[in-house]
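Every number for a ligand or one of its atoms is a count from 1 in the order of the listing.
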Amino acid sequence: MHRHGAFLTIDLAAIQRNYRTLRQMHQGQHCGAVVKADAYGLGLRRVGRALAAAGARYFFVAQLNEAITLRETLSPNHGDVRIYDFAGVLPGAEEDYLAYDIRPVLNSFADIERWARLGAKTRRRLSAALHLDSGMNRLGLPADELDRLVEDLSHIETLSIDFVMSHLACADQSDHHQNEEQLSSFERARARLPDLPASFANSAGVLLGPAYHFHLARPGIGLYGGAPVTDMPNPLVPVVQLEGRILQVREIDAHQSVGYGAAFRASGPIRVATVALGYADGYLRFLSNQGVGYIDGMPVPIVGRVSMDLLTFDVTRVPAARTRPGMLIELLGASQGIDDIAEHAGTIAHEILTSLGQRYHRSYIGD
Ligand SMILES: *Cc1c(COP(=O)(O)O)cnc(C)c1O
């Protein structure tokens, strides 16, 4: 085995447990799974198989190539899985949706027409989801396109619309006024269309309660252990552990500096451990002089700048026997989760996960 400098451990059983927790909390019929961006950086194939084994049958991705990868991964054992592509109908790739049995989320009138044209051409009643914008102003039919559709429903009559959906912009804050506003906007829009199942809740929406649930939930970050709502307790368990290997340890004196830009200067004698992991591995450079690692539950602060391949820690407080070259410092795990490090770095757990690099020695447990 190659001796990589950093070790990323992904607990598939924890992902399955989080899926079951969200499915239990969700009062609607189906709990789907969002596996876009390589399953939030954790590996689309492994995570997709684990979620299908846990019973997930509605999968969501953000690009056609992700959908194809997932279909190829799941098709032998889970032919009943439905895969939806949030991005709409990619012009010119229509045949791929049919070949791999991928259902687009129709985001616009142009998407609807493109999909209906393909249905007419192939003489098939094609399936899709219909996305209505309820106030996020990003994707989905805006109000004027919804009016146009309601005036002439023949545009979707030749299609099989599995469900209508919308997406919450502020659900990570449970008391944000826009949550209820989007909910009423979505309900008003639904009432103007034929009676169809609905999908509204991301992970946060599941936590917000039954009013937000409808038929099908679309959780992402919660599956991977992130706290969906910042002001509510997180009912989900951690999924990832990240450890870096110590390459070298040295004693430095007061006034000596550490790393690029001499951005840290010791105020007294300290012991510095250098670890083989850096911003090229997704450890954000913003955490220079700010992040912490843990050794046996004891915090060790990062000193100096985060380099491309290296981090430097003040390990003065830890017994020397525990900081020899080859030993590990924990960066994500029991002592510090993805939300803790996200808060330190001024970002969200989604970005911490999707930034994780490709250089780690990755291992999957709980399979
Ligand atoms: C990413 C995404 C989700 C999942 O959101 P989480 O906050 O990760 O649960 C659900 N729906 C849509 C449309 C998305 O883009």
Engineer: For Met165 and ligand 1, does the shortest N/O to N/O distance drop below 3.5 Å?
Structural biologist: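 N/O-N/O distance below 3.5 Å does not exist for this pair.
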Engineer: Quick check: does any side chain N or O of Gln336 sit under 3.5 Å from a backbone N or O of Gly293, one acting as donor and the other as acceptor?
Structural biologist: no
Engineer: Would you name the heavy atoms of Phe109 and Leu149 that are closest together and state the gap between them?
Structural biologist: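 Reported closest heavy-atom pair: CE1-N, 3.7 Å.
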Engineer: What protein heavy atom sits nearest atom 5 (O) of ligand 1, and how far off is it?
Structural biologist: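 It is Asn202 CB, 3.5 Å.
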Engineer: In sequence, state the C-alpha distance, the side-chain angles, and the governing distance for Asp367 and Arg46, and then conclude on salt bridge (charged side-chain N to carboxylate O under 4.0 Å, His left out).
Structural biologist: CA-CA 9 Å; Asp367 201 354; Arg46 299 299 296 262; 2.8 Å; yes
Engineer: Compare Leu139, Val35, Ile221 and give the one whose heavy atom is closest to atom 6 (P) of ligand 1.
Structural biologist: Ile221
Engineer: Quick one: which ligand 1 atoms are inside 4.0 Å of a heavy atom on Arg138?
Structural biologist: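 Answer for ligand 1: 15 (O).
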Engineer: Using the rule given for side chain to side chain contact (heavy atoms under 4.5 Å, CB included), can you reason through His213 versus Val206, listing the C-alpha separation, both sets of side-chain angles and the distance that settles it, and then say yes or no?
Structural biologist: CA-CA 6 Å; His213 289 176; Val206 174; 4.3 Å; yes
Engineer: Can you name the closest pair of heavy atoms from Gly304 and Ile302 and give their distance?
Structural biologist: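 Between these two residues, the closest heavy atoms are O-CG2, 3.7 Å.
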Engineer: Would you mind listing which atoms of ligand 1 come within a distance below 4.0 Å of any non-hydrogen atom of Ser203?
Structural biologist: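 Within the 4.0 Å cut-off of Ser203, ligand 1 contributes 6 (P), 9 (O).
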Engineer: Tyr40 heavy atoms, cut-off 4.0 Å: which ligand 1 atoms fall inside?
Structural biologist: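 Near Tyr40, the atoms of ligand 1 are 1 (C), 4 (C), 5 (O), 6 (P), 8 (O).
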Engineer: Out of Val34, Ile102, Leu44, Leu74, which one pairs with Phe59 under the side chain to side chain contact (heavy atoms under 4.5 Å, CB included) rule?
Structural biologist: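 Only one of Val34, Ile102, Leu44, Leu74 forms a side chain to side chain contact (heavy atoms under 4.5 Å, CB included) with Phe59, namely Leu74.
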Engineer: Nearest protein heavy atom to atom 10 (C) of ligand 1, by residue and atom, and its distance?
Structural biologist: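 In this structure, atom 10 (C) of ligand 1 has Arg218 O, 3.4 Å as its nearest protein heavy atom.
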Engineer: Looking only at heavy atoms, is any part of His167 under 4.0 Å from ligand 1, and if so is it the side chain, the backbone, or both, or is it neither?
Structural biologist: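 The answer is the side chain.
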Engineer: Is the closest heavy-atom distance from Met136 to ligand 1 below 4.0 Å?
Structural biologist: no
Engineer: Would you mind running through ligand 1 and noting each atom that sits below 4.0 Å from a heavy atom of His350?
Structural biologist: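 Reading through ligand 1 atom by atom, the close ones are 6 (P), 7 (O), 8 (O).
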Engineer: Please list, in number order, the atoms of ligand 1 under 4.0 Å from a heavy atom of Val34.
Structural biologist: 3 (C), 4 (C), 10 (C)
Engineer: Quick one: which ligand 1 atoms are inside 4.0 Å of a heavy atom on Lys36?
Structural biologist: 1 (C), 2 (C), 3 (C), 14 (C), 15 (O)
Engineer: Specify whether Phe60 and Tyr84 have parallel, tilted or perpendicular ring planes, treating 30° as the upper limit for parallel and 60° as the lower limit for perpendicular.
Structural biologist: parallel
Engineer: Under the 3.5 angstrom rule, does the side chain of Tyr97 hit a backbone N or O of Leu64 as a donor-acceptor pair?
Structural biologist: no
Engineer: How does Phe86 reach ligand 1, by side chain, by backbone, by both or by neither, if only non-hydrogen atoms under 4.0 Å count?
Structural biologist: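 Under 4.0 Å from ligand 1, Phe86 contributes side-chain atoms alone.
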